[in-house]
Engineer: 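One structure follows; several queries about it will come next.
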Amino acid sequence: MERTYIMVKPDGVERGLVGEIVKRFEQKGYQLLAIQLFKPTREHLHEHYQDLKEKPFFPPLIEYMLSGPVVGMVWEGKEIVKTGRRMLGETNPLSSLPGTIRGDFCVETGRNLCHGSDSVESAEREIALWFPSGVIQWERTKVQKLIYE
Ligand code: UDP
Ligand code: MG
């Protein structure tokens, strides 16, 4: 089973969309392994977005991410890294289809509500960064058989 790191950004938290985003991953059949409200430091966000340090949008991205608390989550399921990103939508919300989180709830790339890991490797790196003491390992018994063949 694959794991991914999904994060509701400050705009999503302040707009009261945490439940909506959690709901979509729950309804899909994915399993929650960790969830926490964080007020990250600048250094922590630099670690998280280490691959984007040279991008022109990096400084405003960090200010945006520092503008309020975020909700970090670890979800587990089949092909969840790729599918999770499809559920979020495109980076630019105006290119995101209706039915996706960004397609349904936001307009601007710099206010795009949510983050999702872009590969299995970055997922594991991000999970270790945000949840260094680990996540809850638990088995769903009945429901697992209703979701997976
Ligand atoms: N971003 C931005 N302007 C851009 C590209 C990205 O403000 O031209 C922001 C946006 O919030 C995005 C984040 O930087 O979600 C990280 O960029 P990335 O390319 O990793 O997009 P994502 O993986 O979040 O879709
Ligand atoms: Mg990214």
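Ligands are counted one by one from 1 in listed order, and the atoms in each one are counted from 1 as well.
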Engineer: Flag Thr91 as yes when one of its N or O atoms lies below 3.5 Å from any N or O atom of ligand 1, and as no otherwise.
Structural biologist: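 Min N/O separation from ligand 1 is below 3.5 Å for Thr91.
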Engineer: Mark the output for Lys9 as yes if a heavy-atom distance to ligand 1 is under 4.0 Å, and as no if none is.
Structural biologist: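 Right, Lys9 reaches ligand 1.
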Engineer: How close does the nearest protein non-hydrogen atom get to atom 10 (C) of ligand 1, and which residue and atom is it?
Structural biologist: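 Going atom by atom, the protein heavy atom closest to atom 10 (C) of ligand 1 ends up being Thr109 O, 3.3 Å.
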Engineer: Answer yes if Phe131 and Tyr49 sit in the same cluster of Ile, Leu, Val, Met, Phe, Trp and Tyr residues linked by side chain heavy atoms under 4.5 Å apart, and no otherwise.
Structural biologist: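 Linked, Phe131 and Tyr49 end up in one cluster.
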Engineer: What residue and heavy atom of the protein are closest to atom 13 (C) of ligand 1, and at what distance?
Structural biologist: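 Ranked first by proximity to atom 13 (C) of ligand 1 is Leu61 CD1, 3.8 Å.
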Engineer: Look up atom 17 (O) of ligand 1 and tell me if a protein heavy atom lies less than 4.0 Å from it?
Structural biologist: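 Yes, because at least one protein heavy atom sits under 4.0 Å from atom 17 (O) of ligand 1.
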Engineer: Where's the contact between Lys55 and ligand 1, heavy-atom distance under 4.0 Å: side chain, backbone, both or neither?
Structural biologist: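 No part of Lys55 is near ligand 1 at this cut-off.
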Engineer: I need the minimum non-hydrogen distance between Val70 and Pro40, along with the two atoms involved.
Structural biologist: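 Residues Val70 and Pro40, closest heavy atoms: CG2-CD, 4.0 Å.
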Engineer: Report yes or no: do Leu129 and Val135 belong to one cluster of Ile/Leu/Val/Met/Phe/Trp/Tyr joined by side chain heavy-atom distances under 4.5 Å?
Structural biologist: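 Leu129 and Val135: one cluster.
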Engineer: Which residue holds the protein heavy atom closest to atom 7 (O) of ligand 1, what is that atom called, and what is the gap in Å?
Structural biologist: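 Nearest neighbour among protein heavy atoms for atom 7 (O) of ligand 1, to 0.1 Å: Gly110 CA, 3.8 Å.
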Engineer: What about Trp75 and Tyr30, are their ring centers closer than 6.0 Å?
Structural biologist: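 Centroid distance Trp75-Tyr30: not below 6.0 Å, so no.
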Engineer: Around atom 4 (C) of ligand 1, find the nearest protein heavy atom and jot down its residue, atom name and distance.
Structural biologist: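 Ranking protein heavy atoms by distance from atom 4 (C) of ligand 1, first comes Phe57 CD2, 3.4 Å.
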Engineer: Any Lys/Arg nitrogen of Glu63 or Arg42 sitting under 4.0 Å from an Asp/Glu carboxylate oxygen of the other?
Structural biologist: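 Result for this pair is yes, salt bridge flagged.
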Engineer: Report the residues that fulfil ring-ring contact (aromatic ring centres under 6.0 Å, His included) with Phe105, sequence neighbours left out, ordered by chain and then residue number.
Structural biologist: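 For Phe105, no residue satisfies ring-ring contact (aromatic ring centres under 6.0 Å, His included) once neighbours in sequence are set aside.
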Engineer: Provide, to 0.1 Å, the distance between atom 12 (C) of ligand 1 and the closest protein heavy atom, together with that atom's residue and name.
Structural biologist: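 Going atom by atom, the protein heavy atom closest to atom 12 (C) of ligand 1 ends up being Asn112 ND2, 3.6 Å.
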Engineer: Of the protein's non-hydrogen atoms, which lies at the shortest distance from atom 23 (O) of ligand 1, and what is that distance?
Structural biologist: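 Scanning the protein heavy atoms, the shortest distance from atom 23 (O) of ligand 1 goes to Arg85 NH1, 2.8 Å.
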Engineer: Tell me whether the count of non-hydrogen atoms from other residues, nucleotides or ligands lying under 6.0 Å of NZ in Lys145 goes above 12.
Structural biologist: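 No - once you tally the heavy atoms of other residues, nucleotides and ligands closer than 6.0 Å, there are 12 at most.
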Engineer: Show every donor-acceptor pair shorter than 3.5 Å between a side-chain atom in residues 79-94 and any protein atom, with sequence neighbours excluded, or say none if there are none.
Structural biologist:
unit_1 : atom_1 : unit_2 : atom_2 : d
Thr83  : OG1    : Glu79  : O      : 2.8
Arg85  : NH1    : Gly116 : O      : 3.0
Asn92  : OD1    : Leu94  : N      : 2.9

Engineer: When you look for heavy atoms under 4.0 Å from ligand 1, do you find them on the side chain of Leu52, its backbone, both, or neither?
Structural biologist: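 Under 4.0 Å from ligand 1, Leu52 contributes side-chain atoms alone.
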Engineer: Does ligand 1 have a heavy atom under 4.0 Å from the side chain of Glu90, from its backbone, from both, or from neither?
Structural biologist: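 Neither part.
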Engineer: Within a radius of less than 6.0 Å around CD1 of Ile136, do more than 12 heavy atoms belonging to other residues, nucleotides or ligands occur?
Structural biologist: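 Incorrect, the count does not exceed 12.
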Engineer: Please confirm whether Tyr49 comes within less than 3.5 Å of ligand 1 when only nitrogen or oxygen atoms on both sides are compared.
Structural biologist: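 No; every N/O pair is 3.5 Å or more apart.
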Engineer: Where does Arg102 meet ligand 1, judged by heavy-atom distances below 4.0 Å: at the side chain, the backbone, both, or neither?
Structural biologist: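 Within the 4.0 Å criterion, Arg102 contacts ligand 1 through side-chain atoms alone.
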Engineer: When hydrophobic residues are tied together by side-chain contacts of less than 4.5 Å, even through go-betweens, does Leu52 share a cluster with Ile62?
Structural biologist: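 Yes.
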Engineer: Of all the heavy atoms in Asp118, does at least one lie under 4.0 Å from an atom in ligand 1?
Structural biologist: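 The answer is no: ligand 1 sits nowhere under 4.0 Å from a heavy atom of Asp118.
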